[in-house]
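Structure first, then comments.
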Amino acid sequence: MTDVTTRKPLMAGNWKMNLNHLEAIAHTQKLAFALNDKDYKAVEVAVLTPFTDLRSVQTLVDGDKLKIKYGAQDISAHDSGAYTGEISGPMLAKLKCAYVVIGHSERRQYHGENEEIVNGKVKAAFRNGVVPILCVGEGLDVRKAGNQVAYTLAQVEGALDGVPAEQVEQIVIAYEPVWAIGTGEVATPEDAQEVCGAIRVRLAELYSQAVADKVRILYGGSVKGSNAAGIMAKPDVDGALVGGASLDAEEFVRIVRYRDQAVS
Ligand SMILES: O=C(CO)COP(=O)(O)O
C-alpha cells in the first residue's frame with residue numbers, strides 16, 4: 001500500500017543546455033508571474049538550470065521571494081580539489097540549490113557515468129544538504145527485450161549503495177525511459193506505473209515501507225500539458241521531470257496545472 005497523501009507532487013523543469021543567465025531570469029520571471037499560491041499549494045515547482053544560471057536565478061528567487069525551487073543538473077562526487085571543470089556540492093549548497101539532477105541518461109551516455117560515479121554523486125549531494133533527483137531508466141533494446149523493470153531496479157540499487165534510510169527517504173527518483181526522451185514517444189501511464197511501482201516495492205524491500213512511501217518518484221520523457229494528467233493519475237507517479245516542454249513557460253504551467261486537464 002502506498003500513502004499518496006504524504007507526497008507532494010513535484011514538477012521539475014530540466015532545462016538541459018538551454019537558456020543563458022539573462023534568458024534564465026526572463027524565463028523564471030515569466031513562470032513566477034503565471035503561477036499562483038493555489039499552484040504552489042498543490043504542487044512543488046522547480047527549475048534545474050545550467051550552472052551559469054544558478055546565481056542569477058538565486059538572486060531573483062531571493063529578491064522577489066519566489067516560491068519556485070531551483071537546482072543544478074550535475075554535481076561532482078568530490079567536495080573540493082583538482083577536478084578541473086567540476087562543480088562541487090558545497091558550491092551548490094552555497095547557492096541554496098534545493099535539488100541536483102544525478103545520473104541523467106545524457107550524462108550516462110555522453111560522459112560515461114556508471115553506477116559507481118552516480119553513487120558517489122548521490123552521496124556528495126546528501127553530504128551537502130542538496131536533494132538528489134536520481135535519474136534511472138532503460139534504453140530501447142532493454143525495453144524491447146522486456147527487461148525494463150530489472151534493469152531500472154539495478155540502477156536504483158547501485159545508486160543507493162551505502163546510502164542510509166534517513167537520506168533515502170528524502171531522495172527524488174526520476175524514471176526516464178531513454179527511448180521516450182526528446183522523441184515525442186511518451187511511455188503510456190501504464191508503462192510509467194509499472195516501473196515507478198516496482199521502484200517503490202524495491203525501496204520497501206531494501207529499507208522499509210515507511211521510507212518507500214516518502215520517496216517521490218517522477219516520470220520523465222516527452223511530458224507535455226496534454227499528457228501530464230494521465231501519467232499523474234497513476235498511484236506511484238508523484239510528478240514529472242520535464243525537458244523540452246519546460247522551456248516554454250505556458251506549456252510548463254499547463255503541466256503544473258495537470259489537475260485542470262482531462263485524463264486521456
Ligand atoms: O530528459 C528529460 C528530462 O530530464 C525529458 O526530456 P523531454 O521532456 O524533452 O523528453
Side-chain angles (χ1 to χ4, degrees), residues 9-19 23-24 27 31 43-51 53-54 57 68-75 92 97-111 113 118 121-122 125 130-140 142-143 148 151-152 155-156 159 171-189 191-192 195-196 199 216-232 234 237-258 261:
L10 170 62
M11 293 303 181
N14 174 9
W15 295 355
K16 307 193 179 182
M17 198 175 68
N18 295 289
L19 306 183
E23 293 164 336
H27 189 65
L31 284 177
V43 174
E44 195 180 334
V45 183
V47 292
L48 305 162
T49 83
F51 289 130
D53 297 356
L54 285 171
V57 170
I68 292 178
K69 305 270 180 70
Y70 57 89
Q73 299 170 11
D74 189 24
I75 183 174
L92 299 183
C97 287
Y99 295 107
V100 59
V101 177
I102 296 178
H104 191 279
S105 61
E106 287 148 18
R107 294 214 59 88
R108 293 179 192 257
Q109 188 179 347
Y110 306 134
H111 300 271
E113 292 196 9
V118 170
K121 292 184 173 191
V122 167
V130 182
V131 173
I133 299 179
L134 167 68
C135 299
V136 293
E138 81 287 353
L140 191 56
V142 174
R143 162 72 49 171
Q148 64 272 12
Y151 181 92
T152 305
Q155 285 183 323
V156 171
I171 207 170
V172 176
I173 298 178
Y175 169 55
E176 300 206 310
V178 181
W179 48 272
I181 294 177
T183 58
E185 194 75 43
V186 200
T188 64
D191 290 336
V195 181
C196 293
I199 292 171
R216 286 180 297 179
I217 304 176
L218 316 184
Y219 168 78
S222 300
V223 174
K224 301 188 283 282
S226 58
N227 58 31
I231 294 158
M232 290 302 292
K234 293 298 175 188
V237 179
D238 307 313
L241 187 55
V242 184
S246 74
L247 300 172
D248 176 334
E250 282 92 31
E251 188 65 15
F252 191 55
V253 169
R254 270 194 282 279
I255 294 169
V256 171
R257 297 196 178 133
Y258 67 92
Q261 314 282 325

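These numbers come from the heavy atoms of this one structure, side chains and all, not from hydrogens, waters or symmetry mates. Read the numbers this way: they start at 1 and go in the same order the structure lists the ligands and their atoms.
- Counting only heavy atoms from C-beta outward, the side chains of Trp15 and Ser246 approach each other to under 4.5 Å.
- A salt bridge between Glu44 and Lys69 is present, with a side-chain N of the basic residue lying under 4.0 Å from a carboxylate O of the acidic one.
- Across all their heavy atoms, Ala245 and Lys224 have their closest contact at CB-CA, 4.5 Å.
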Could you list, one pair per line, each nitrogen or oxygen of ligand 1 together with any protein nitrogen or oxygen closer than 3.5 Å, giving atom names and the distance rounded to 0.1 Å?
residue, atom, partner, partner atom, Å
ligand 1, 1 (O), Lys16, NZ, 2.8
ligand 1, 1 (O), His104, NE2, 2.8
ligand 1, 1 (O), Glu176, OE1, 3.3
ligand 1, 4 (O), Asn14, ND2, 2.9
ligand 1, 4 (O), His104, NE2, 2.9
ligand 1, 4 (O), Glu176, OE1, 3.2
ligand 1, 4 (O), Glu176, OE2, 2.9
ligand 1, 6 (O), Lys16, NZ, 3.3
ligand 1, 8 (O), Ser222, N, 3.4
ligand 1, 8 (O), Gly243, N, 2.9
ligand 1, 9 (O), Gly244, N, 2.8
ligand 1, 10 (O), Gly182, N, 2.6
ligand 1, 10 (O), Ser222, N, 2.7

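- Evaluation of the side chain to side chain contact (heavy atoms under 4.5 Å, CB included) rule for Ile199 yields Val136, Thr152, Leu153, Val156, Ile173, Tyr175, Val195, Leu203, Ile217 as partners, not counting sequence neighbours.
- By the side chain to side chain contact (heavy atoms under 4.5 Å, CB included) test, Val178 is found to be paired with Ser105, residues two or more places apart in sequence or in another chain being considered.
- Judged as a salt bridge (Lys or Arg N to Asp or Glu O under 4.0 Å), the pairs with a partner in residues 97-107 (not counting sequence neighbours) are, in order, Lys16-Glu106, Asp74-Arg107, Arg107-Glu113.
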